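Presented below is the structure to which this report refers.
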Amino acid sequence: MRKRVLSGMRPSGQLHLGHYLGVLVNWAKMQEEHDCFFFVADWHALTTEYERTQVIRDSIDEMVLDWMASGIDPNKANLFIQSHVPAHAELHLLLSMITPLAWLERCTTYKEQLRELSQRDLQTYGFLGYPVLMTADILMYDASLVPVGIDQLPHLELTREIGRRFNFLYQKETFVIPDQYLTKTSKVMGLDNRKMSKSYGNAILLSDTAQEVWDKVRPMVTDPARVRRTDPGNPDICNVHDYHKIFSDEKTVAWSAAGCRSAGIGCIDCKKAMYENMERVLVPIRKRRQAIVESGISVKDILAEGSARANAVATRKIQEVREAVGI
């Protein structure tokens, strides 16, 4: 029996290689094995982008095009927009009534993001309550599996705690308590060896042309000890070599490491080989994206149909919740 999977992505800019390797590859695999609900998390995006709502509106269609170009099939997975299913907001409200404040304040991700995004005013109720909204998203659809990385496990455990608390308080197994689906991700750093992010200007976008990708790869940071072509380097501290481990075969990875240590190859030679292997991944995505655009398929129609299906599921669930609460 196919298990239900729930996962979402915030529309806050163009998607890059990190999104593809960390999320979309896993989504494409899961849609073949499970009943998948993948949603545009526009309300979640508001928790940090409430002053720049235009970027949310502008990103939705482009983001879903990138999903489809990466292999996400609307005929196999249900794609919808979070804010087009009003029951999410109602369930968020009801769950917020029973969630202890201390559970939210101790959330490590909350504290980390406050530090990382200190230039923004995130001392808001919405930002603190982000995990409760996430809990509503998951519990609404009786998702039994939620794809997460190791660093996201605390968020999912909070979802499980809130779901168990609700079931205990109202003495009814209203919610399915979800399990984690630990995803294997290829961690790809940005071109400057920081976290890959469009805001840092260090990201390879899925919508970049081949020339744009090479223009970004060519100046990539390598081992600073390799000042001249004849200087030996250390591939263990070279970001280009880390990319080889993701995109190249074992033979090429070994060639890159040996050539770097012996100064047998230059950094540009190493980058060209890595770029060519990266392009083997990116070219099919570009071609699918172009074919989707030229086909005249309407992303808005896909999301409208998916949101209608999600609404049907959510309407039934929120009625169960009201009966359990007694309102």
Side-chain angles (χ1 to χ4, degrees), residues 5 7-32 36-42 44-45 49 54-82 84 147 183 185-191 196-218 220 243 246-248 274-307 309-310:
V5 171
S7 191
M9 191 179 290
R10 291 157 47 109
S12 55
Q14 292 170 289
L15 300 191
H16 52 63
L17 269 177
H19 296 116
Y20 175 74
L21 294 170
V23 179
L24 297 177
V25 168
N26 290 309
W27 281 12
K29 187 182 303 180
M30 285 185 284
Q31 71 182 357
E32 303 294 338
C36 293
F37 280 63
F38 299 140
F39 69 97
V40 176
D42 54 343
H44 282 300
E49 306 296 337
Q54 186 65 42
V55 71
I56 299 174
R57 290 195 299 274
D58 292 345
S59 298
I60 292 176
D61 283 10
E62 293 299 309
M63 183 178 77
V64 175
L65 274 174
D66 282 338
W67 288 3
M68 294 166 64
S70 300
I72 308 307
D73 186 345
N75 295 312
K76 296 179 179 179
N78 197 71
L79 312 184
F80 68 99
I81 299 179
Q82 182 185 34
H84 290 191
T183 57
T185 61
S186 299
K187 187 173 183 181
V188 54
M189 301 300 289
L191 299 169
M196 184 172 282
S197 171
K198 184 188 173 188
S199 61
Y200 291 161
N202 66 355
I204 293 176
L205 305 178
L206 298 184
S207 54
D208 280 342
T209 65
Q211 185 61 51
E212 287 170 335
V213 172
W214 174 243
D215 289 343
K216 291 178 177 181
V217 167
R218 195 175 190 283
M220 273 181 73
Y243 273 56
I246 296 170
F247 297 105
S248 302
M274 186 278 292
Y275 161 76
E276 289 170 1
N277 290 321
M278 182 191 294
E279 277 293 287
R280 291 191 177 96
V281 173
L282 292 174
V283 166
I285 296 174
R286 284 193 209 106
K287 287 183 176 179
R288 282 194 296 265
R289 198 180 205 280
Q290 183 178 359
I292 292 167
V293 171
E294 291 177 352
S295 72
I297 290 174
S298 170
V299 171
K300 285 183 172 57
D301 287 347
I302 289 171
L303 291 173
E305 291 171 10
S307 296
R309 289 193 291 271

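From a predicted model like this one, the values you see are computed outputs, not experimental measurements.
Between F38 and W67, the ring center distance fails the sub-6.0 Å criterion.
Between I204 and V188 there is no side-chain heavy-atom pair separated by less than 4.5 Å. A heavy-atom distance below 4.5 Å is found between the side chains of M63 and L15. Counting heavy atoms from C-beta outward, H84 and L303 have side chains that stay 4.5 Å or more apart. Counting only heavy atoms from C-beta outward, the side chains of I302 and P74 approach each other to under 4.5 Å. Using a 4.5 Å heavy-atom threshold, the side chains of R288 and I285 count as touching.
Going from atom CD1 of I72 over to atom CE of M30 covers 8.0 Å, rounded to the nearest 0.5 Å. Taking CG of L205 as the reference point, atom NE2 of H19 lies at 10.0 Å (rounded to 0.5 Å). To the nearest 0.5 Å, atoms CD1 (I81) and CZ (F39) are separated by 12.0 Å. In this structure, Y243 OH and L17 CG are separated by 6.5 Å, a value rounded to the nearest 0.5 Å. To the nearest 0.5 Å, atoms CG (D208) and CZ (R286) are separated by 7.5 Å. Distance NZ/K76 to SG/C36: 11.0 Å, rounded to 0.5 Å.
A donor-acceptor contact shorter than 3.5 Å links the side chain of R10 to the backbone of H44. The closest donor-acceptor contact from the side chain of S295 to the backbone of I292 lies under 3.5 Å.
Summarising the geometry of A310 relative to F37, their closest heavy-atom pair is CA-CE2, 4.2 Å, with the distance given to 0.1 Å. G13 approaches S59 most closely through the heavy-atom pair N-OG, 3.1 Å. Nearest heavy atom pair, residue W27 against residue S7, reads NE1-OG, 3.2 Å. Here the closest heavy-atom approach between residue A210 and residue E279 is recorded as CB-OE1, 3.3 Å. Nearest heavy-atom pair across L24 and D66 is CD1-O, 4.2 Å. Here the closest heavy-atom approach between residue G71 and residue Q31 is recorded as O-NE2, 2.8 Å.
With salt bridges taken as basic N to acidic carboxylate O contacts below 4.0 Å, none links R57 and E49.
By the neighbour-count criterion of 12 heavy atoms within 6.0 Å, atom CZ of R309 is densely surrounded, having more than that number from other residues, nucleotides or ligands.
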